[in-house]
Amino acid sequence: MKTTNAKEQQRIAIVGAGPGGLTLARILQRHGIKAVVYEREPSRASRQQGGSLDIHHDTGQKALREAGLFEEFKALARYEGQDFRLLDKTGKIYLDEIAESNEGDRPEIDRGTLRELLLNSVDSDCIHWGHNLIQAIPLENGMHELRFENGHVDHVHLVIAADGAFSRIRPLLTDSVPEYTGLSMIEFYLDNAGIAHPEIAAFNRRGKLFALADHKGILGQLNGDGRICVYLAFQIERDWLDTCGIPFDQPEEVKRQLLQHFNDWDESLKNYIRAANGPMLPRRIYMLPVGLKWIHKPGVTLIGDAAHLMSPFAGEGVNLAMRDAMEQALSIVQHSDVNKAVEAYEEKMYAYSSKSAEESDANLKLIFSDDAAAKLMDLMNQYHDHP
Ligand SMILES: Cc1cc2nc3c(=O)[nH]c(=O)nc-3n(C[C@H](O)[C@H](O)[C@H](O)COP(=O)(O)OP(=O)(O)OC[C@H]3O[C@@H](n4cnc5c(N)ncnc54)[C@H](O)[C@@H]3O)c2cc1C
């Protein structure tokens, strides 16, 4: 695959080796365009990569096809992970969907497995681990100076921020900052669930289980490594995780106090809390303003969460990050001027990402409203009738 001489001389840096940054590096590489990827983590093995992600047909899967990785993805994906159960706090079942094997538009893959797939596909010498970007400074000639915590400095024609929710590059383009969505979560795992907790594993099935009531939720999801990842969700004021008095460094006491918060929930649901092992991690969920745009500036742009952080309730975050990567890469391939390529990507991205951000915001409000299980059932039935 060919590229122009002018483009070969352009130095492109991608900051962040998450799903967005890696997909971008991979697709550029397939078209003969080199980019350097800077990642703050010290090595590919340095962090647990978290839970399972559903990869959508028209976005994440499309990007994987463009990256030449779809067949490998298909072999790793868990189509049965599309099982979905919806309950209220009494244990009443509203939806009980069993997925067909190798069918469906949204198969699951563990975040760590997806990252390995992408990492193995890019030239290893293009990824610079242990490079924590501190600052990006616009220079008079339209280039940017990138400064890293370890003292490294680079000058690039284009810097693409794929550095996630709290991007260090975003302030060059907009004053908008992520705002608290009103939702706080506590994340924990049930290791080796099929063997250690067969009753919970059977109850949870092979995919996701949502139990919703009283502006709270117990959300369970089987991962490919046999763990069930659980989020306890609370629609609550921002400071609650600090003021609730739960000592998050003492897991047994955390369990005791959390069981009190769910004391009138069905035993089958409280069992998720009783069976937790390992750390119990508090986290707040943030979002950028829906429909965020900025005035185009030469030599810098954003993809993924850096551009349009949203709550996880449209299941779009990783899919949009990968679609952005695809659109940005193909635009660079198609335009001889990288700034024209960035502008074209940005205009396209604003249109599709704002729709997902609206959907995600509406879903979050619905999922934690009164009678949430019944309302979510109606919404999902409408979706099945008119996808
Ligand atoms: C609880 C929860 C559940 C979720 N569930 C889903 C789901 O089911 N489906 C879905 O689609 N999405 C889900 N998401 C969202 C999804 O995880 C993100 O949208 C997606 O990971 C965004 O990809 P990204 O590449 O833009 O950023 P990230 O995955 O955040 O990657 C950013 C990378 O940049 C690196 N980095 C950050 N700062 C710097 C710096 N200064 N210098 C160098 N490197 C840096 C980070 O170490 C990281 O590797 C969920 C999110 C949360 C919080």
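Just follow the structure's listing: the first ligand is 1, and inside any ligand the first atom is 1.
- With a 4.0 Å heavy-atom cut-off, ligand 1 is reached by the side chain of R115 but not by its N, CA, C or O.
- In the vicinity of A162, heavy-atom distances shorter than 4.0 Å reach the ligand 1 atoms 32 (C), 33 (C), 34 (O).
- Numbered from 1 in the order shown, with element, the atoms of ligand 1 that lie under 4.0 Å from a heavy atom of G164 read 27 (O), 30 (O), 32 (C).
- Its side chain within the 4.5 Å cluster rule, F368 clusters with F84, L86, Y94, L95, L183, M185, F210, L212, L219, Y231, I285, F313, L364, L366, I367, L376, M377, L379, M380 among the Ile, Leu, Val, Met, Phe, Trp and Tyr residues.
- Close approach to V15 involves these atoms of ligand 1, each under 4.0 Å from a residue heavy atom: 42 (N), 43 (C).
- Contact annotation: F148 has no heavy atom less than 4.0 Å from any atom of ligand 1.
- In E41, the part holding a heavy atom less than 4.0 Å from any atom of ligand 1 is the side chain.
- With a heavy-atom cut-off of 4.0 Å, R283 touches ligand 1 through its side chain alone.
- Looking at residues two or more places apart in sequence or on another chain, you find no side chain to side chain donor-acceptor pair (under 3.5 Å) involving T59.
- Residue N132 approaches ligand 1 through these ligand atoms, each under 4.0 Å from one of its heavy atoms: 40 (C), 41 (N), 42 (N).
- Between the side chains of S311 and S360, at least one donor N or O lies within less than 3.5 Å of an accepting N or O.
- Residue-level proximity to ligand 1 for P312 is carried by the side chain, the only part with a heavy atom below 4.0 angstrom.
- Contacts with ligand 1 closer than 4.0 Å are made by no heavy atom of F166, backbone or side chain.
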